[in-house]
2 protein chains.
Amino acid sequence: MIFEEVAKEIVEKVFGGIGVIIIGRDGIPLAMHLKEGAELDLETLGIEYSNLLAQIDQASQNIGTGKLVEFSLHTDQYLVVVRTITPDYFICLVMSPDGNFGKGRYLLRVNLPKLQAEF
Amino acid sequence: MIFEEVAKEIVEKVFGGIGVIIIGRDGIPLAMHLKEGAELDLETLGIEYSNLLAQIDQASQNIGTGKLVEFSLHTDQYLVVVRTITPDYFICLVMSPDGNFGKGRYLLRVNLPKLQAEF
């Protein structure tokens, strides 16, 4: 399936890539790929981020800052980039803190048309 | 006051810079600078983002992804970068969608020690 292929390709191509999950706004995962040996509960993470997306959308509506395209988070353990695929689905890339943030964002962006074509 | 100076400097130095607000987690602003002629309710935006920070912190705790350092949002109208100054204060930079994201993040990072020294 194209979703698994894209998820795997992104994790493998970006320095520091740990996992990619494609997930619905309702928290139901569509596809995911976790780097071999990585200890990360990607599914739980995806569910938390789908909650977060709803909060961010609400905040954006409250202040009139427009439709959300992408958001990213840097914690002391992870770099996370989340990009909207359709109004109902998004893709989430998790990297190590020293991961290549720019390349990660680029890979999500260039793979978007391929993913969108499937919906 | 150093807070206003830093806010102004960042807005002026970054391409696409619209406004900077330094604000408490409780939503009370400490200092802000808005580009002349810009139509943006920076205070309301700051309050919404302080809510969002609380949600993100909660999500991070739930999934054990560590302490939040920075988060950024791209909507079709704005680029926003938020960076933690202390556990109680953060700085928020708002740029136009074509703004220099990398330079904005850089300016927040290099000005951090100056701001932290004031707390």
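Both backbone and side-chain heavy atoms feed into the values below; hydrogens, waters and symmetry mates do not. Quick caveat, the model's predicted, so the values are computed rather than measured. All chains are named by letter (A, B, ...) in the order of the sequence lines, taking the proteins before the strands, and each is independently numbered beginning at 1.
Heavy atoms of A:D76 lying under 4.5 Å from chain B belong to its backbone as well as its side chain.
Note: the hydrophobic cluster containing B:L93 does not contain B:F15 (ILVMFWY, side chain heavy atoms under 4.5 Å, direct or indirect links). At a threshold of 4.5 Å between side-chain heavy atoms, the hydrophobic network of Ile, Leu, Val, Met, Phe, Trp and Tyr places A:L53 and A:I28 in two separate groups. Under a hydrophobic clustering in which Ile, Leu, Val, Met, Phe, Trp and Tyr are joined whenever their side-chain heavy atoms come within less than 4.5 Å, directly or via other members, B:F71 and A:V69 fall into different clusters. Under the 4.5 Å side-chain heavy-atom criterion for Ile, Leu, Val, Met, Phe, Trp and Tyr, A:L112 and A:I22 are members of the same hydrophobic cluster. Linking ILVMFWY side-chain heavy atoms closer than 4.5 Å, directly or via other members, places A:I10 and A:Y106 in a single hydrophobic cluster.
Checked by atom type, the side-chain pair B:S72/A:S72 shows a donor-acceptor distance below 3.5 Å.
Interface summary for chain A: among B:H74, B:Q58, B:Q55, the most heavy-atom pairs under 4.5 angstrom belong to B:H74. Contact count versus chain B (heavy atoms, under 4.5 Å) is highest, among A:V80, A:I56, A:T84, for A:I56. Counting heavy-atom pairs under 4.5 Å between each of A:L68, A:T75, A:D41, A:N51 and chain B puts A:T75 at the top. Chain B forms more heavy-atom pairs under 4.5 Å with one residue of A:L52, A:T44, A:V82, A:V81 than with any other, namely A:L52. Among A:L79, A:L45, A:I47, the residue with the largest count of heavy-atom pairs under 4.5 Å with chain B is A:L45.
In this structure, the side chains of A:N62 and B:E48 come closer than 4.5 Å at one or more pairs of heavy atoms.
Between the CZ atom of A:R105 and the CZ atom of B:F101 there is a distance of 4.5 Å, given to the nearest 0.5 Å.
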